[in-house]
Amino acid sequence: MPEMPEVHTTIQSLLQAGLAGRRIIGAEVEWPRTVGGDPQGFAGAVRGRRIDGLQRRGKYILLSLAEPAGWLVVHLRMSGRLLLTSDDSGPYIRARLQLDDRRWLCLYAPRRFARMEYRDTLVELLQRLGPEPLEPGFTPDVLAGILAGTRRALKTVLLDQQRIAGIGNIYADEALFEAGLHPQRPAASLQPPEIARLHAAIQSVLHRGIRNLGTSLGHGKANFSLPDGESGRNQEDIRVFRRTGLPCLNCGTPIERMIIGQRSTHYCPACQQYL
DNA sequence: CCGGAGGCCTGATGGC
DNA sequence: TGCCATCAGGCCTCCG
C-alpha cells in the first residue's frame, strides 16, 4: 500500500507524536513472520533499547536504536500501518512494542504482509535500493543512466526499487501520465526531452503526494491513514490511477487499463501515445 | 537479462 | 441472500 509519500507522512506523524527518545520496554508478537520468524529473538533484541530517531529510505521506515546501536526496519507492504496509541488491543495487530511512556507502537496489517525486523546493520538493505528521487543527487542525467541500461517497459523500471527507490503503482502511473509517456515504452528508447519530462513528473507527483499527506485510496481496512487515524488527501489530486473508463482530465478520452509486469496500469491512450 | 507464474494474506466489490 | 471470481498501494522466488 504505502509508497514513499505515505511512508514519509507516517514518519513525520510519529516524530510529531514524540516517538523519538522513547525506550522500548517490551515486545509482543502475534504473527511470527512479521518479525522474521523468531519472536523471542526479536523481543530480546529490541527490549531495553532507546529509539533514537526515524528515517525513511525507499519505502522502508528505519528506526535507529541506541544502547546499543541497531535498527528496526519496518516495511508496510500492501496494507500495513504503524499506530502509536495507548490502546494496544484491536484487530490485525501483528506486533507491538511497549514504550516507556505507556504507549504502544503497533504494526497493524490486515494482510499480514508487513514486516518489522531487527538488524544490526543496514548495509545489505541499502545495497538493494536505488537512488532517492527527491534527493539533489537525482538529476535528469542520473535518470538517463537508469533508463539507458534496459529495454524493459518504463512502468516496470519505475517500480524497480533497485533502480529508483520509493515509487509504487499509484505514483508510477501518475508520473507517466504527467510526463505524457506510454507505460510500455522501452526505457532505453526515451529521448533527452522525454527524460527531462519524466524526471520533472516523478518529482512533481511525489512532492504533491507528500504535501497532501499521502493517498488514502482503497476501502476500509486497506485505506491508508496516519498513525493518529487521519487520512491523506492526495486521492483528490490523482489524475489516472483507477480512473479506468472515466474521461482523461486533459482531453476527455476514456482512461484505459492494462497489466504490465503483473501490475494494474492506467493511462490515457491519447495523451500517452507509444509513438 | 527478462518476463511470467505463483506465493504470501485478507477483505471489498460486482456479477449472476 | 449467497456464491464466485476478481482485485488490491508490495515484493520475493522459481522457472523457462
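- We find that CZ of Arg242(A) is positioned 18 Å from P of dT6(C), with the value rounded to whole Å.
- Taking OG1 of Thr121(A) as the start and CG of Leu126(A) as the end, the distance is 7.5 Å to the nearest 0.5 Å.
- Judged by distance alone, the side chains of Tyr118(A) and Asp120(A) do bring a donor and an acceptor atom under 3.5 Å apart.
- Side-chain N/O atoms of His75(A) include one lying less than 4.0 angstrom from OP1 or OP2 on dC11(C).
- Between the side chains of Tyr60(A) and Gln161(A), no donor-acceptor pair of N or O atoms lies under 3.5 Å.
- Spacing of P atoms, dT6(C) relative to dA5(B), comes out at 14 Å, to the nearest Å.
- Thr215(A) comes within contact range of at least one nucleobase, with a heavy-atom separation under 4.0 Å.
- For the atom pair Lys155(A) NZ and Arg263(A) CZ, the distance stands at 7.0 Å (nearest 0.5 Å).
- Contacts of Gln262(A) with the nucleic acid, taken as non-hydrogen atoms under 4.0 Å apart, include base atoms.
- Remark: dC9(B) base-pairs with no nucleotide; criterion is Watson-Crick or G-U wobble with both hydrogen-bond distances under 3.5 Å.
- Heavy-atom contacts from other residues, nucleotides or ligands closer than 6.0 Å to CD of Gln16(A) number 12 or fewer.
- Side-chain proximity of Arg33(A) to dG3(B), dC8(B), dC11(C): nearest is dC8(B).
- A close approach under 4.0 Å does occur between a side-chain nitrogen or oxygen of Arg112(A) and OP1 or OP2 of dT10(B).
- Using a 4.0 Å heavy-atom cutoff across all strands shown, Arg128(A) reaches sugar-phosphate atoms only and no base atom.
- Among the atoms of the strands shown, only primed sugar atoms or phosphate atoms (P, OP1, OP2) are found under 4.0 Å from some heavy atom of Phe241(A).
- OP1 or OP2 of dA8(C) sits under 4.0 Å from a side-chain N or O of Arg257(A).
- Rounded to the nearest Å, the gap between the P atom of dG6(B) and that of dC7(C) is 14 Å.
- Look at Ser79(A) and you won't find any side-chain N or O under 4.0 angstrom from OP1 or OP2 of dG10(C).
- Side-chain proximity of Thr156(A) to the nucleotides dC11(C), dT10(B), dG3(B) is greatest for dG3(B).
- For Arg152(A), taking side-chain heavy atoms from C-beta onward, the closest of the listed nucleotides dA8(C), dC11(C), dG3(B) is dG3(B).
- Minimum atom distance to the side chain of Tyr92(A) is reached by dG11(B), of the listed dG11(B), dG10(C), dC7(C).
- Ring-base stacking between Phe113(A) and dC11(C) is not satisfied when judged by a centre separation under 5.5 Å and a plane angle under 30°.
- Considering only side-chain atoms of Arg94(A), the nucleotide from dT10(B), dC2(B), dG10(C) that sits closest is dT10(B).
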